[in-house]
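Step one of this worksheet: look at the structure below.
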Amino acid sequence: MKVLKKRIVAVMAAVMMISAFPITSMAASHTITSVSIKVSSSGIEVGDRLPNIVVGEGNSTDNGEVYVYTTSTKYEAHDAEWVTSESKDLTIGEEPKMKVWLSPSGDGDTDYYFRGSYGSSNVSVSGGTFVSASKDGNDLVVTLRIKPIKGTYGAPADAYWQTSGLGKAKWEKSEEASSGAYEVVLYKGSSQVVRIDAIKATSYDFYPYMTKEGTYSFKVRTVPYTDTEKKYGEKSEWTESDEFYISKEHVSDGRGQGVIPGGGSPGGIAADQVGWIQDGSSWYFRYPDGTYHKNGWLFLENQWYFFNANGYMLTGWQQSNGKWYYLKPYAGGPMGSMAKGWNYINDKWYYMNPGDIAGLPEGAMVTGWLTVNGKQYYLSDSGAMVEGWLKVGEDYYYFNPGSGEKLSNTTIGVFQLDADGKWKR
């Protein structure tokens with residue numbers, strides 16, 4: 001009987017000890033391996049200020065607010081704020097930046113937690129693009145950009161003939177969205193004389209084209225200029241000038257045709273035109289003796305340009321003597337000019353020799369290890385900057401997602417990096 005009592009007392013004590021522990025101690029813990037965020041910003045328009053952010057729910061109505069939410073049961077969005085200034089007017093092609101705070105979930109049986117680091121390979125953003133991610137206590141803070149703003153450019157406010165000189169056209173920049181680039185067309189009566197496709201100016205001297213007596217007028221509209229503007233911006237409505245009469249005694253002899261400040265394309269090329277010449281979408285460079293620059297590089301006004309056998313200026317990725325170069329196909333500097341330093345191309349970062357890397361031609365694409373301002377990076381065989389874990393030789397390194405900088409003397413999750421950035425196995 002005494003033995004039975006002792007057993008009963010032992011069982012009761014064990015039950016009491018188990019019941020004394022919190023129920024959460026029995027929950028299983030799981031790592032959140034990937035993250036997905038949804039952003040709805042269809043109500044934002046050009047010229048708006050950044051609106052309120054509604055967190056934790058989706059909404060398809062265009063009421064001007066931005067909605068940030070997730071559909072996962074493992075984590076939830078609980079806060080968000082704009083990184084881009086909320087006091088500026090939004091422009092076409094702009095991608096406002098925000099930070100979103102995510103918290104892991106738990107239901108008593110299963111607890112979730114974020115690991116040490118996340119990059120573009122395991123963070124997806126619907127309705128935007130991923131920038132970077134970092135831990136904030138138990139939370140994960142994701143920086144992202146929303147979809148570029150689309151819209152139509154505002155028409156020039158006025159178009160008129162200047163009183164100083166013959167044939168000098170002038171127009172005023174729109175008070176609404178403007179790219180600063182314009183398409184301008186000169187008419188004699190109802191007939192087109194010349195068309196300027198894209199000019200970065202608010203005036204143009206049409207007098208060289210006024211070779212016949214008659215009444216002239218012009219119309220102008222705002223047009224996209226850069227690749228981004230062309231992708232997200234629409235041309236404005238036309239603004240028309242009044243009429244301007246040229247008498248027989250004052251007509252032009254035609255000299256000066258084809259001179260376009262800031263770039264552009266006239267509807268014809270004068271026989272004596274030299275220097276840069278645009279024919280449709282093609283650019284050429286002609287010398288005073290009538291010959292064109294062909295087959296190679298041209299150094300002009302501190303910029304390098306590259307031409308093919310037909311004298312056509314090349315843009316984009318081009319290979320020369322076994323090295324890759326990038327010639328700017330946009331207006332972020334002279335179009336067609338050689339890119340140098342860091343360049344963001346098709347969602348990847350590349351580094352083109354600015355001229356200080358020995359043994360590599362100026363402007364050539366860099367691969368392998370790279371040190372810039374005391375920070376180390378690694379560029380793949382394709383030239384793209386590496387992010388996250390990478391095996392180089394026999395060792396593993398970690399490159400900070402977003403910046404690409406090699407990390408050292410730190411811990412990535414449970415993995416320790418030494419002073420050289422190598423994973424301590």
Side-chain angles (χ1 to χ4, degrees), residues 21-45 48-88 90 94-149 347 387-389 398 400-403 405 407 410-415:
F21 287 95
I23 193 69
T24 55
S25 66
M26 304 299 290
S29 296
H30 294 281
T31 305
I32 300 170
T33 58
S34 62
V35 171
S36 177
I37 300 174
K38 300 182 182 298
V39 182
S40 176
S41 58
S42 57
I44 299 182
E45 297 181 353
D48 287 350
R49 301 289 177 88
L50 287 172
N52 294 327
I53 304 175
V54 179
V55 181
E57 60 180 281
N59 193 302
S60 59
T61 60
D62 295 340
N63 60 1
E65 294 183 315
V66 172
Y67 293 83
V68 178
Y69 59 101
T70 70
T71 56
S72 174
T73 58
K74 300 177 182 179
Y75 53 88
E76 61 180 5
H78 70 85
D79 197 8
E81 67 178 28
W82 292 111
V83 177
T84 301
S85 171
E86 299 178 49
S87 63
K88 66 186 294 289
L90 297 177
E94 186 169 1
E95 301 174 81
K97 186 188 295 186
M98 71 164 65
K99 286 186 177 181
V100 180
W101 278 260
L102 303 177
S103 294
S105 302
D107 57 11
D109 294 324
T110 304
D111 285 336
Y112 295 95
Y113 66 91
F114 293 113
R115 64 186 194 182
S117 63
Y118 291 82
S120 57
S121 62
N122 46 26
V123 178
S124 64
V125 180
S126 175
T129 55
F130 171 79
V131 176
S132 64
S134 61
K135 291 288 292 296
D136 182 11
N138 293 326
D139 288 352
L140 181 69
V141 183
V142 177
T143 302
L144 58 87
R145 292 185 182 276
I146 67 172
K147 292 190 298 184
I149 309 300
D347 299 325
E387 299 175 63
W389 288 103
Y398 188 81
N400 192 35
S403 71
E405 176 186 356
L407 300 185
T410 189
T411 299
I412 307 299
V414 296
F415 304 105

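Residue numbers run from 1 in the order of the sequence given.
- The structure places NZ of Lys38 at 10.5 Å from OG of Ser72, a figure rounded to the nearest 0.5 Å.
- Applying the side chain to side chain donor-acceptor pair (under 3.5 Å) rule to pairs touching residues 129-140 yields His78-Asp139, Trp101-Asp136, Ser103-Asp139, sequence neighbours excluded.
- Of all heavy-atom pairs spanning Ser105 and Thr73, the tightest one is CB-O, 3.3 Å.
- Nearest heavy-atom pair, Lys99 versus Val83, reported as atom, atom and distance to 0.1 Å: CG-CG2, 3.7 Å.
- Distance check: Ile53 CD1 to Trp82 CH2 gives 4.5 Å after rounding to the nearest 0.5 Å.
- Smallest separation of non-hydrogen atoms from Val55 and Asp79: CG1-N, 3.6 Å.
- Ser36 has its side chain out of reach of Thr71: every pair of non-hydrogen atoms, C-beta onward, lies at least 4.5 Å apart.
- Residues passing the ring-ring contact (aromatic ring centres under 6.0 Å, His included) test with Phe114: none are found, sequence neighbours excluded.
- For the pair Ile32 and Val35, the tightest heavy-atom approach, listed with the atom from each and the gap, is CG2-CG2, 4.3 Å.
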- Test Val39 against Val100 for side-chain contact (heavy atoms from CB on, under 4.5 Å), laying out the working first. CA-CA 10 Å; Val39 182; Val100 180; over 6 Å; no
- Message: If you apply the rule side-chain contact (heavy atoms from CB on, under 4.5 Å), what do you find for Ile146 with Ile44, and how did you get there?
- Response: CA-CA 10 Å; Ile146 67 172; Ile44 299 182; 3.7 Å; yes
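- With rounding to the nearest 0.5 angstrom, the CD atom of Glu65 is 13.0 Å from the CG atom of Leu50.
- Side-chain atoms of Arg49 come within 3.5 Å of backbone atoms of Ser87 as a donor-acceptor pair (strictly under, hydrogens ignored).
- Distance check: Glu95 CD to Thr84 OG1 gives 9.5 Å after rounding to the nearest 0.5 Å.
- Residue Phe130 comes nearest to Gly119 through the heavy atom pair CE2-C, 3.5 Å, listed as atom of the first residue, atom of the second, then distance.
- Distance OG/Ser34 to NZ/Lys74: 6.5 Å, rounded to 0.5 Å.
- Summarising the geometry, atom CH2 belonging to Trp389 is positioned 8.0 Å from atom OG belonging to Ser117; distances are rounded to the nearest 0.5 Å.
- Between Val68 and Ile37, the closest side-chain pair of non-hydrogen atoms falls below 4.5 Å.
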